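Throughout, a chain's letter reflects where its sequence line sits, starting with A, and its residues are numbered from 1. Quick caveat: nothing in here was measured; it's all calculated off a predicted structure.
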Number of protein chains: 2
Amino acid sequence: MRKTKQQAQLTKEAILAAALQCFSEQGFFNTSLDDIAKSANVTRGAVYWHFSNKADIFDALHEQLHEPFIKIILQDLEVESQHPIKQLKQLCIKLLHELGDNPSKISTMKLFFQCDYSGDLAQFKQLHQNKKLQSLELFEQYFKRAQNNRLINPDTNPRILTLTLHCFLKGVLFEYLNHSDLIDLTAHSESLIEQLFQGLEDCHGTKQSI
Amino acid sequence: MRKTKQQAQLTKEAILAAALQCFSEQGFFNTSLDDIAKSANVTRGAVYWHFSNKADIFDALHEQLHEPFIKIILQDLEVESQHPIKQLKQLCIKLLHELGDNPSKISTMKLFFQCDYSGDLAQFKQLHQNKKLQSLELFEQYFKRAQNNRLINPDTNPRILTLTLHCFLKGVLFEYLNHSDLIDLTAHSESLIEQLFQGLEDCHGTKQSI
DNA sequence: TATTATACATACACGAATGTATGTTGTCAA
DNA sequence: TTGACAACATACATTCGTGTATGTATAATA
């Protein structure tokens, strides 16, 4: 019955995968730990060994989605391109492509897009929001570098540019996640990003938001 | 103990109001019928007298939000303006204003915007979607009338115009509901609608969506 | 005015889910 | 090779919410 360390890691991952599937199909609050356990071919004992409760699994799924994103961005930021905006554009395309090629990541995103952080999940609302802000700050680095290189108007607030990019990506993903017939990420992500960056690169801080 | 008919109607409305508040604060799946009952200063007995279960209350809230909207549109459609597009514009402004002035309707919309129709709510996913489509068809009437009056390009698909309007309104409401600091419905709804209809009225079917 | 059905409050039975306590077996380290 | 502990499975207690059954006072009705 006792498994080796690698086997134990596999069951942990199996539990996470099963939880993701259950949450996606039945929603977080309508899946019991027994549902997850059975779906992973283990018992609740295994689940409680690897996680402290259902909310903990939820948080682990969020970390599993967020961590590689941060890693990719941090790694990309290590090289200082002469054209940070173009570098960022390429990064966005890369990220969207990776999403399109990864159905489980799609499911995870959908889960966090629509979930209502209440009850057991309330404790993670601020934490996950902070993680989002953390990644936004990383994106902002590109615009700051661009401003240092005199590539964009010095009066433009880098944070506004970052928010623009973020809202756009959110809108694209929202449409994609809810009406996947409308948008094909692998096919359209490049043109969508190109279209947006067209505006960002031309930005001279003249446009007013409401 | 026995109440008059009007009093009974009042308690029913009190239960609905209490349910809305509970759902908004704790989420649908994290509020018990006892929560609702206590919040309405009644017992679960009263709740079960007026509604068959929690999901039924949820559906009643949806109907309570949807029905007056439909009524307003149907009533507006009774007069056949010479300029159906302008008529529609005025209607949209009116609807947005009414939303902005009605906090409980705002809460209800937020509830249905973010909810994840799983578990007990799965039965209403299609029904509520159908209700939405029903209102879309009413909106479409305006564009059809405009086309009959040769006010817009005959090649333009009225349904596309309707979808454009719908997506725009959805986007505005989504931003408003989630970041009410960004948009003030009573202050901005007119200019927002004006801006959109600028494009719709000029529409000659030349613009291509992705 | 007597009766009946209404509009609830109260009480009860039941299942489902959770968390924990304990049992079991195999692995690894010494 | 042999304890000791890791990686679970099993069993148990407890809570919570639901649905329903029953009680009850009073408004409507005849």
Side-chain angles (χ1 to χ4, degrees), chain A residues 1-61 115-116 118-124, chain B residues 1-61 115-116 118-124:
Chain A
M1 186 167 289
R2 163 86 185 272
K3 307 260 186 75
T4 173
K5 289 228 172 193
Q6 295 111 37
Q7 283 175 316
Q9 180 62 22
L10 285 180
T11 65
K12 180 170 185 175
E13 288 166 11
I15 291 171
L16 278 176
L20 174 58
Q21 188 177 348
C22 289
F23 292 163
S24 298
E25 289 173 0
Q26 327 173 48
F28 175 83
F29 295 109
N30 292 297
T31 71
S32 67
L33 288 182
D34 201 48
D35 290 336
I36 297 172
K38 275 176 182 162
S39 174
N41 288 323
V42 291
T43 66
R44 271 171 50 247
V47 176
Y48 273 105
W49 174 256
H50 288 287
F51 306 95
S52 57
N53 50 38
K54 198 167 70 170
D56 188 33
I57 300 179
F58 179 82
D59 187 46
L61 282 175
C115 95
D116 70 340
S118 64
D120 291 342
L121 300 184
Q123 51 181 319
F124 297 119
Chain B
M1 188 169 286
R2 162 87 184 268
K3 306 262 186 75
T4 174
K5 289 228 174 195
Q6 295 111 37
Q7 284 175 318
Q9 180 61 24
L10 284 181
T11 64
K12 181 170 183 176
E13 287 166 12
I15 291 170
L16 278 176
L20 175 57
Q21 189 177 347
C22 289
F23 292 162
S24 297
E25 288 174 359
Q26 328 173 59
F28 175 83
F29 296 108
N30 291 299
T31 70
S32 67
L33 287 183
D34 201 47
D35 291 336
I36 297 172
K38 276 177 180 161
S39 174
N41 287 322
V42 292
T43 66
R44 270 171 52 247
V47 177
Y48 272 106
W49 174 257
H50 288 286
F51 305 95
S52 57
N53 49 38
K54 197 168 70 170
D56 188 33
I57 300 179
F58 180 82
D59 188 44
L61 282 174
C115 96
D116 71 341
S118 64
D120 291 342
L121 299 184
Q123 50 179 321
F124 298 119

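Atom CG of A:Leu10 is separated from atom C1' of D:dA6 by 16 Å (rounded to the nearest Å). Rounded to an integer number of Å, the gap from CZ of A:Phe51 to P of D:dA7 is 13 Å. Atom C1' of nucleotide C:dT18 and atom CZ of A:Phe29 are separated by 15 Å, given to the nearest angstrom.
Inter-residue side-chain proximity for B:Asp116 and A:Phe28 is flagged as unmet; no heavy-atom pair is nearer than 4.5 Å. Residues A:Cys115 and A:Phe23 form no side-chain contact, since every pair of their non-hydrogen atoms from C-beta on lies 4.5 Å or further apart. Side-chain contact check for A:Asp35 versus A:Asn30: every heavy-atom pair is 4.5 Å or farther apart.
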In B/S/- notation, 5' to 3', how is nucleotides 23-30 of chain D contacted by protein heavy atoms closer than 4.0 Å?
--BBBS--
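Between A:His50 and D:dA7, a side-chain N or O to OP1/OP2 separation shorter than 4.0 Å is absent. At the phosphate of C:dA7, OP1 or OP2 sits under 4.0 Å from a side-chain N or O atom of B:Trp49.
Side-chain atoms of B:Asp56 come within 3.5 Å of backbone N or O of B:Ser52 as a donor-acceptor pair.
Residue pairs meeting the ring pair (Phe, Tyr, Trp, His ring centres under 6.0 Å) criterion with at least one member in residues 30-55 of chain A: none, sequence neighbours excluded.
Rounded to the nearest 0.5 Å, atoms CG (B:Asn53) and CG (B:Asp59) are 10.0 Å apart.
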Pairwise N/O distances under 3.5 Å, protein to nucleotides 11-18 of chain D:
| unit_1 | atom_1 | unit_2 | atom_2 | d |
| --- | --- | --- | --- | --- |
| D:dT18 | OP2 | B:Leu33 | N | 3.1 |

Should A:Gln9 and A:Glu13 be marked as a side chain to side chain contact (heavy atoms under 4.5 Å, CB included) after you check the CA-CA gap, both sets of side-chain angles, and the distance that decides it?
CA-CA 6 Å; A:Gln9 180 62 22; A:Glu13 288 166 11; 3.2 Å; yes
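For the side chain to side chain contact (heavy atoms under 4.5 Å, CB included) criterion with B:Leu20, the lone passing option out of B:Ile15, B:Ile36, B:Leu61 is B:Leu61.
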